[in-house]
Amino acid sequence: MDELDPFRDFQRTHYCAEITEQDIGREVHLVGWVHRRRDHGGVIFVDLRDREGTVQAVFNPQHSPASHRKADALRNEFVIGVKGKVSRRPEGMTNPKLKTGAVEVMADELAVFNRSRALPFNLDEDLEVEEAIRLRYRFLDLRRPSMAANFALRHRVSKITRDYFDGLGFYEIETPFLTRSTPEGARDYLVPSRVNPGGFYALPQSPQLLKQILMVAGMDRYFQIVRCFRDEDLRADRQPEFTQVDLEMSFVEQGQLIEIVEGWIARLFEELLGKTLQRPFPSMTYAEAIEDYGVDNPDTRYGLKMKDITDAVKGSEFQVFRQVIEGHGIVKALRFPGGTRLSRRELDNLVGMAKDWGADGLIWAKCTGAGLQSPIAKFLSQDIVGAVIDRMGALEGDLLLMMAGSPGRVNPWMGRLRTELAEAYDLIDSSAHAFTWILDFPLFERDKEGHITSMHHPFTAPREEDIPLLDENPEACRSLAYDLVLNGTEIGGGSIRIHRVDTQKKILSILGISEAEGEEKFGFLLDALSYGAPPHGGIAFGLDRLVMILAGAKSLREVIAFPKTQKAACLLTQSPGPVDAEQLRELHIRTVLPKKPASG
RNA sequence: GGGGGCGUGGUGCAGCUGGUUAGCACACCGGCCUGUCAAGCCGGAGGCCGCGGGUUCAAGUCCCGUCGCUCCCGCCA
């Protein structure tokens with residue numbers, strides 16, 4: 001076996017990708033990985049790669065017989081050092097695809113610091129490789145230039161974020177990971193306490209209460225780039241541990257906070273994408289979002305807004321409409337311009353899709369010169385057809401898609417139909433970045449069991465003018481909560497908080513949390529609020545989601561160095577894994593595994 | 001918890017209504033080659049078709065179960 005060279009007295013002078021025509025004639029010392037080797041029998045080319053990119057090293061037997069001989073043994077991903085002079089590539093040999101394509105390094109010396117086994121997958125091509133393999137060999141996957149670029153971007157997002165908030169007088173303050181479980185929200189990750197038998201810490205879902213306490217503590221402006229944990233099922237845009245840009249300010253109102261956040265986002269886009277964002281960002285109320293888009297995170301890169309046509313179809317002969325309207329349901333419609341070109345098969349697919357979601361049906365109607373062409377046309381009088389066309393602003397060639405049912409079901413389904421249509425018929429400008437603030441969220445909502453819960457969280461302040469509603473009709477009460485949506489993804493959300501202890505107690509009581517329970521779970525907050533808490537509010541952003549969008553990635557896993565799989569496992573470290581019985585004993589823990597069906 | 005997709009040499013894929021020797025590209029190994037850059041040419045090695053069961057004369061192919069990865073619903077700001 002060939003000897004490896006010691007790494008000694010080898011001072012790197014440049015990153016590979018930094019070599020330019022300015023360096024021609026200069027001696028450079030480079031280190032990195034063999035990205036690819038091309039052996040022509042005589043001359044050998046090696047694309048030498050480091051974090052920043054690649055440069056071509058040339059091993060010529062006439063120029064340096066010893067290093068040429070040594071280069072013969074190089075293979076992909078060997079770790080080497082090259083000393084040599086930068087030269088201009090011969091006429092016609094430049095590679096315009098490479099940043100360093102006009103130059104090359106004529107190798108005088110080659111040092112081989114380490115070898116590599118044959119690779120489990122190809123690193124350089126943007127071929128799709130099964131994600132399980134990429135994750136298992138994440139150290140190789142991350143060497144791919146596109147991944148390196150994602151982390152360079154992520155670093156710059158963090159750096160700009162720190163600089164921006166520092167510039168506005170925010171303190172970066174750390175909050176504990178070992179904290180206590182609070183009700184509401186997501187499932188907690190729990191950590192058993194060795195010294196307190198039977199006691200558990202919870203990893204924070206967000207530093208919510210502690211940042212409010214920091215405001216009470218007079219810190220005035222706080223921010224943190226902080227890991228948060230939620231033990232819920234994963235999605236392409238949801239990991240069990242994720243990073244928030246979390247901030248909180250005292251003596252602030254919604255408008256001012258929004259302005260500060262927009263300044264930050266605009267700076268990120270300006271510096272990272274060279275894109276100037278129009279400010280202020282557009283906004284709509286929660287009620288408008290639901291009315292027009294069916295969801296509270298509308299993708300505003302395209303139209304296809306929907307409209308309520310309940311009153312227009314009232315009195316129709318169509319049984320489904322009649323029954324729904326009698327049952328206080330709604331009928332909503334969406335206009336797809338030019339949609340009459342859809343074939344019967346395509347329409348059936350749309351209907352089938354809606355039924356897969358659980359919808360009772362989806363009704364289509366083509367606007368033709370001869371009126372509405374639809375399976376339900378015979379149930380609709382001329383008056384009703386006229387009213388619908390009028391309401392929808394439908395033109396000849398348009399397709400109308402209608403759904404009837406309770407608002408809680410029809411709105412999200414129509415919202416989903418809208419995105420499916422936009423995707424299927426290519427209505428999305430993928431280069432666009434459409435921001436929308438969603439304002440005036442309801443303070444409360446009802447869960448499946450009919451219990452009243454906080455829409456945002458229990459510390460969100462009601463709108464001043466809606467406070468009287470707390471007693472009469474809490475569900476109509478709007479809050480001072482706000483979300484920022486980008487291209488249909490919620491990237492941040494926050495609120496003005498309750499700073500009066502009496503209001504906070506009232507909210508808890510509406511939520512059905514008894515005084516004793518409130519005292520036990522949030523006593524420290526109630527205490528803090530009663531010692532001169534300043535008016536305050538804040539917001540938190542999903543850093544991973546933001547970086548994902550900036551990087552144009554389809555999954556969070558592309559911008560997280562060591563992400564979890566959908567089953568919340570790390571394929572690199574094989575976590576979660578078993579622990580010793582002794583460790584469990586110390587923690588006063590006994591595991592009870594689910595029963596498996598008896599085998600044999 | 002539920003629904004969809006995928007699983008075939010190291011990687012990416014093909015393999016028809018079940019049929020005899022499982023194919024292609026890249027990677028790998030050996031050889032040739034002094035200007036390539038996804039180098040090229042010649043040759044070679046490499047497969048328990050995820051795993052288990054079933055149907056059948058016969059299963060990569062059909063059925064059931066299971067495991068893994070993934071997308072979505074539920075859940076989650």
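Only heavy atoms go into these numbers, but all of them, side chains included; no hydrogens, no water, no symmetry mates. To find a chain, count down the sequence lines: A is the first, B the second, and so on, and within it residues start at 1.
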Atom-to-atom span, NZ of A:K567 to P of B:G68 - whole angstrom: 4 Å
5'-most by nearest nucleotide on RNA chain B - A:R230 or A:K97: A:K97
A:L140 CG to B:G10 C1', straight-line distance once rounded to whole Å: 12 Å
Close aromatic pair by centroid cut-off 6.0 Å: A:F45 and A:F59: no
Distance-only donor-acceptor test, A:R136 side-chain atoms vs B:C69 base atoms, 3.5 Å: no
Grab the N/O contacts between the protein and nucleotides 3-7 of chain B below 3.5 Å, and write none if there aren't any.
none

Sugar-phosphate, base or nothing in reach of A:I44, heavy atoms under 4.0 Å: nothing
Selected nucleotide, minimal atom distance to A:P120 side chain, candidates B:G10, B:A77, B:C37: B:G10
Carboxylate-amine/guanidinium proximity below 4.0 Å for A:E130 and A:R136: no
Selected nucleotide, minimal atom distance to A:A186 side chain, candidates B:C37, B:G35, B:A77: B:A77
Ring centers of A:F165, A:W264 separated by less than 6.0 Å: yes
Donor-acceptor pair under 3.5 Å, A:D296 side chain vs B:A77 base: yes
B:U11 pyrimidine/purine six-ring stacking with A:F121, under 5.5 Å and 30°: no
Euclidean distance, atom CG of residue A:D233 to atom P of B:G74 [Å, nearest integer]: 12 Å
Among B:U36, B:C28, B:G35, the nucleotide that comes nearest once only the side chain of A:P90 is considered: B:G35
Closest-nucleotide 5' rank along RNA chain B - winner of A:R416 and A:R187: A:R416
Separation between the P atoms of B:G5 and B:G52, rounded to whole Å: 24 Å
B:U36 base / A:R36 side chain donor-acceptor hit below 3.5 Å: no
A:T565 side-chain proximity, nearest of B:G10, B:C69, B:G1: B:C69
